[in-house]
> 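Before I ask anything, here is the structure I am working with.
Note that ligands are numbered from 1 as they come in the structure, with each ligand's atoms numbered from 1 the same way. All values below were derived from every heavy atom in this structure, side-chain atoms included, with hydrogens, water molecules and symmetry-related copies excluded.
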Amino acid sequence: MDIQKTIQDLREELNQHNHNYYVLDTPTISDFEFDQKLKQLQELENQHPEFFDENSPTQRVGGTITKNFNTVVHDYRMYSLDNSYSKEDLLDWENRIQKVLGNVKLQYTCELKYDGASISITYENGKLQRAVTRGDGFQGDDVTNNIKTIKSIPLQLKGNFPERFDIRGEIILPFEGFEKMNQELIEIGETPYSNPRNTASGSLKLQDSSEVAKRPLECLLYFIVGNNLNITTQFEGLEYARKWGFKVPKEAKLANSIEEVFDYINYWDTHRHQLPYETDGVVIKVNDFHQQDELGYTAKSPRWAMAYKFKAEQVTTVLESISYQVGRTGSITPVANLKPVQLAGTIVKRASLHNADQIEKLDIRIGDSVFVEKGGEIIPKIIGVDLTKRSSDSVPTEYISHCPECNSELVRTEGEANHYCPNFYGCPPQIIGRIQHFISRKAMDIEGLGGETVALLYNNGLVKDYADLYQLKVEQILPLERMAQKSAENLVNGVQKSKEVPFERVLYAIGIRYVGETVAKKLAKHYKTIDALQSATMMDLILVDEIGEKIAQSVLEFFENEENVRIIERLKEYGVQLELVEKFNPNATNILEGKIFVVSGVFSMFSRDDLKKSIEDNGGKVGSSISAKTDFVIAGDNMGPAKLEKANQLKISIISENDFIAMIN
Ligand code: AMP
Ligand code: ZN
């Protein structure tokens, strides 16, 4: 059997499935089958590192860490767009064009203006070479490793593509994925992201590309640049891009006159709320490339294109009351209850008021007529008060001083915007929230137990903390509302089964503030037992890769609390996994004990991840950047010149992968 061909075929097949799923939205195999095939490819690639390809679908999961993004000069400048806000603006624009071109008949390509972060991607011989952010338009940051994890971006093109070109597009985060990300943050008691655009653009500069891979980002393409492209119009360019495998929204339309442009604008002004992603306007481009050339550019934007911005939709309604919600971590969020009103395609009843400062700044009072706007944010915002409608007997809003749930006096830490209820162990929503987090899917994933049942158990005095779950008996649960023998048994069995959940997930489940899934993994791997973590000092903690002072402080505070320590002791007694169970590894040694390695470049015998694993299996440590503490740099092909210089400066031994293999043998 020809291994290379098998690998090649699998890659092609997986590329096509990625395309079907992420670009065409019509998968033809199940996720399970896809994962099986990907695993098969990964195994073959591991066994045959000589066929490594940086554009293989297996590389989409990320894993590279970039500390500093290299600056790259764009071959073709990335311009801004001029904005227009009315049809008169657009008519003026058309007049200016007609003056330059002499009254010719014009066609326009109309596209939606996608609201995200722009990117320029270079392809050579059909392979993705490089992806660079817009930066200042002349030069941007090389974010190739992160961009490759976005599954709707082809790593290998199909059909008849030009030898070399740049394609431009917008990295966006569709609403659905954004809300899911926020849901997960809320579950672990962290502040949700404020809008999809900032989250998308922030994602491009994350250091760990496997974090980017987890975000449901997409890339919508809108422009091709290069030499000898054999493309004559913008609209044709979009169609080509689609054929080569890019995601080009089908909403783009060719308009034969400025009136047809207006029709397009009118249509999307009212229908944009049905799109799965955010748009803040329309981009209108002169279709013909010769005409575009004749029109040229101003100092900052093309004369042949114009953005038309939609107005943010605004309504007035009445503030009926303010309620205060208590989160799992005790943080208080004020919520405005509004007289229901239609806005941007939905009925709005509530709006976030963020915190006490916001209320004070707006001087917002019960009974006020308020302006509500739906802009980039999903939750509508109150942007002001109509003072002309304020009644003479209105009184300033006084922020609550005590918890609406447990009546404890609220605290506000200096420098923090939110008030907190400090009654960690006595405030019902905090207790219930913590247990709900404990049982959630990514934590202990307890089958047969849901969030509402947790509240029911708490309200009936059966659990006061998550350790109590392990003492529940069928007879105790049976009398509860809507609880049958079978479901009671399932619940108890589910709880017992969770004793098999590995340490890293338990560590996430116990709900230490700021310890999300990834941090929990890092800590579990580093400390291996809860006891070791518990006795770690500030100094120890911040030496762990990617653990900062904020997280370290929170870990310390967690274990300073006697109640927490008691609960952990009880979990231990019940048999919950509080130690890492290391899989037996026949290759493991401690030859490299005490040595710190930094891995740089591309290797032929190992993938980077395997190389790192091999270092750790043999007792060594992997550092993320070169410092005086580094003992060895293992250099592959294409090691960055800056790294090389730094290693030389610090007189650190630079070794090849062969040297490394010799070392561990
Ligand atoms: P501005 O940032 O307001 O100067 O607008 C220019 C930006 O709009 C470009 O850099 C692109 O990132 C973005 N944009 C979004 N959709 C499109 C589109 N369909 N065509 C061109 N640019 C677009
Ligand atoms: Zn409280």
Side-chain angles (χ1 to χ4, degrees), residues 74 76-85 108-121 131-138 140 166-172 196-198 200-201 204 218-225 234-235 237-238 241 246-254 261 264-265 268 272 275 277-287 292 297-302 304-310 324-333 376 400-411 418-434:
H74 295 295
Y76 302 87
R77 182 172 160 195
M78 291 179 83
Y79 285 90
S80 290
L81 289 172
D82 279 342
N83 287 324
S84 59
Y85 300 90
Y108 301 96
T109 296
C110 300
E111 293 162 44
L112 294 169
K113 190 165 190 293
Y114 322 117
D115 206 7
S118 39
I119 192 80
S120 180
I121 316 177
V132 183
T133 62
R134 174 161 120 173
D136 63 2
F138 295 99
D166 286 359
I167 187 160
R168 284 170 185 175
E170 200 82 354
I171 307 290
I172 58 142
R197 190 213 312 123
N198 292 354
S201 73
L204 298 189
E218 280 189 22
C219 184
L220 308 179
L221 286 310
Y222 52 71
F223 190 46
I224 305 169
V225 278
Q234 166 67 11
F235 199 72
L238 295 181
F246 292 101
K247 188 156 191 162
V248 179
K250 58 183 186 323
E251 284 76 17
K253 270 228 153 56
L254 193 59
V261 171
Y264 185 87
I265 292 175
W268 285 110
R272 62 191 156 117
L275 290 165
Y277 50 82
E278 223 173 282
T279 161
D280 58 346
V282 164
V283 184
I284 306 124
K285 299 169 185 171
V286 171
N287 194 40
Q292 288 191 3
Y297 295 81
T298 67
K300 68 176 254 295
S301 46
W304 45 263
M306 184 61 88
Y308 174 91
K309 293 271 181 121
F310 295 126
Y324 298 85
Q325 293 176 343
V326 187
R328 170 169 76 83
T329 55
S331 96
I332 309 286
T333 314
I400 49 167
S401 58
H402 288 76
C403 177
E405 301 279 346
C406 73
N407 214 26
S408 305
E409 192 172 345
L410 299 181
V411 293
N418 284 72
H419 285 71
Y420 280 88
C421 166
N423 188 11
F424 204 58
Y425 292 97
C427 183
Q430 296 190 55
I431 300 172
I432 295 172
R434 262 196 315 275

> Got the closest protein heavy atom to atom 11 (C) of ligand 1, with its distance?
Y222 OH, 3.0 Å
> Can a donor-acceptor pair be found, under 3.5 Å and without considering hydrogens, that links the side chain of N418 to the backbone of I332?
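Here the side-chain-to-backbone pair exists.
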> Side chain of E251, backbone of L275: donor and acceptor closer than 3.5 Å?
no
> Among the heavy atoms of R168, does any lie under 4.0 Å from an atom of ligand 1?
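No, that is not the case, since the closest heavy atom of the residue is not under 4.0 Å from the ligand.
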> Can you list, by chain and residue number, the protein N, O or S atoms under 2.8 Å from the Zn ion (ligand 2)?
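Sorted hits: C403 SG, C406 SG, C421 SG, C427 SG.
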> Which ligand 1 atoms, with their elements, are less than 4.0 angstrom from a heavy-atom of E111?
18 (C), 19 (N), 20 (N)
> Kindly compute the distance separating OG (S118) from CG (L220), expressed to the nearest 0.5 Å.
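That separation rounds to 12.5 Å.
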> For the backbone of H402 and the side chain of H419, can you confirm whether one donor and one acceptor N or O come within less than 3.5 Å of each other?
no
> Hydrogens and angles aside, do Q292 and Q234 bring a side-chain donor and acceptor to less than 3.5 Å of each other?
no
> Looking at R197 and E278, does any basic side-chain N land under 4.0 Å from a carboxylate oxygen?
no
> Answer side chain, backbone, both or neither: which part of V283 comes under 4.0 Å from ligand 1, heavy atoms only.
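Near ligand 1, V283 shows its side chain, while the N, CA, C and O stay back.
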> Just by modelled atom types, is the A307 backbone N or O under 3.5 Å from a matching donor or acceptor in the S84 side chain?
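Indeed, once roles are kept as given, a pair shorter than 3.5 Å links the two residues.
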> Nearest to atom 12 (O) of ligand 1, what protein heavy atom do you find, and at what distance?
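Its nearest protein heavy-atom neighbour is E170 OE1, 2.4 Å.
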> Looking only at protein heavy atoms, identify the closest one to atom 5 (O) of ligand 1 and say how far it is in Å.
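Protein heavy atom with the smallest distance to atom 5 (O) of ligand 1: K113 NZ, 3.4 Å.
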> Is any side-chain heavy atom of F310 less than 4.5 Å from a side-chain heavy atom of K113?
no
> For Y277 and Y114, take the angle between the two ring planes, folded into 0 to 90°, and tell me which bin it lands in: parallel under 30, tilted 30 to 60, perpendicular over 60.
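Rings of Y277 and Y114: perpendicular, as their planes differ by over 60°.
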> State if L112 counts as touching ligand 1 under the rule of any non-hydrogen atom under 4.0 Å.
yes
> Heavy-atom contacts under 4.0 Å between M78 and ligand 1: side chain, backbone, both, or neither?
neither
> Does ligand 1 come near enough to R134 that some N or O of the ligand is less than 3.5 Å from an N or O of the residue?
yes
> What's the shortest distance from atom 20 (N) of ligand 1 to any protein heavy atom, and which residue and atom give it?
K285 NZ, 2.9 Å
> Would you check if the distance from the ring center of F223 to the ring center of W304 is below 6.0 Å?
yes
> At what distance is the nearest protein heavy atom to atom 16 (N) of ligand 1, and which residue and atom is it?
Y114 N, 3.1 Å
> Any donor-acceptor pair under 3.5 Å linking the side chain of N287 with the backbone of F235?
yes
